[in-house]
Amino acid sequence: MLTLTTIAGVRSRREEAARTGVRIALVPTMGALHDGHLALVRRGRELADEVWASVFVNPAQFGPGEDFERYPRDLERDAALLAGAGASVLFAPATKEMFPRPSATVVDLPALTGGLCGAHRPGHFRGVALIVAKLLNVVQPHVAVFGAKDWQQAAVIRRLVEDLDMPVRIEVHPTVREDDGLARSSRNAYLDAGQRRAATVLHRALQRAAAAAAGGERRRAALEAILAAEVAAEPLARLQYAAAVDPDTLEARESVSGRALLALAVFVGATRLIDNIVVEVP
Ligand code: PAF
């Protein structure tokens, strides 16, 4: 696996790939890789000839008081995992390479970011949309692969690409879970043993609400109350939001029908975890 740290280096390798007709899948990450990321790499290999991964802890998507400073960083380990999963290129730029000066450009999708995580992390999705737009412009992949755990992020990126006619397919891969249902996340590393047990409440709550939806519960407020009640029953957990919304527009309607996204953000200790599930409401 080739490791590149400069935009110029990526562009020159990209030109070479274009000359030989190699199709590229990009897996953008912030490092601290786990099986969920490696599943994205494996999916990328099914969709393209080469998988290129990026590791960049993007300061633009962290708010004041969030975990930018303590976000786990171990590039050597990440590189070994990516190489093992079959990635061909790792792009690991320094902050100065991506942001030689503060961006004067704002990439904002207010229609998709007013609710869910966007309501609690002001500016977060502007930071995500900006860095993803930059990475797509630098790498110019044929396909880019993201995880469904960050559902709102994936919805934002899909719409960004559609609105700006960016010539890339966005692939969203199902959430990878631990045996007990906890969604794989780099932030799980912050949990102590008791918190790790408590964190299974997200999956449990989603399963309960999904069962209610499968049983015909259509009232948004009732589904959200089921999610909230399950989280409230776990002493180490504190609910940030519970939502039942349209999976594409992320709009909340009084009554859900067809497909619905059930989504949660929960603090377990100081660690903020998110999870979601898409259900068919009969
Ligand atoms: O999902 C992530 O890890 C990040 O938000 C992303 C897409 C790599 C942008 O920094």
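One-based numbering, in listed order, for ligands and for the atoms of each.
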Distance-minimising heavy-atom pair for D78 and G31 = OD2-CA, 3.2 Å
Within 45° cone of Y190 ring axis and under 6.0 Å: R70 NZ or CZ = yes
query = Taking both backbone and side-chain atoms of Q61, is any N or O found less than 3.5 Å from an N or O belonging to ligand 1?
reply = yes
query = Short list, please: which atoms of ligand 1 are under 4.0 Å from a heavy atom of I131?
reply = 9 (C), 10 (O)
request  = Could you tell me which atoms of ligand 1, counted from 1 in the order shown, lie closer than 4.0 angstrom to a heavy atom of P28?
outcome  = 8 (C)
remark   = Connected to I226, directly or through other members, by ILVMFWY side-chain contacts below 4.5 Å are none
message = Can you give me the closest heavy-atom contact between D248 and L112, atom names plus distance?
response = O-CD2, 3.8 Å
message = Tell me which pairs pass ring pair (Phe, Tyr, Trp, His ring centres under 6.0 Å) where either residue lies in residues 42-67, with sequence neighbours left out.
response = F62-F68, F62-Y71
inquiry  = Which of the numbered atoms in ligand 1 are under 4.0 angstrom from any heavy atom belonging to T29?
reply    = 8 (C)
task = Ignoring angles and geometry beyond distance, decide whether Q153 reaches within less than 3.5 Å of ligand 1 through its nitrogen or oxygen atoms.
result = yes
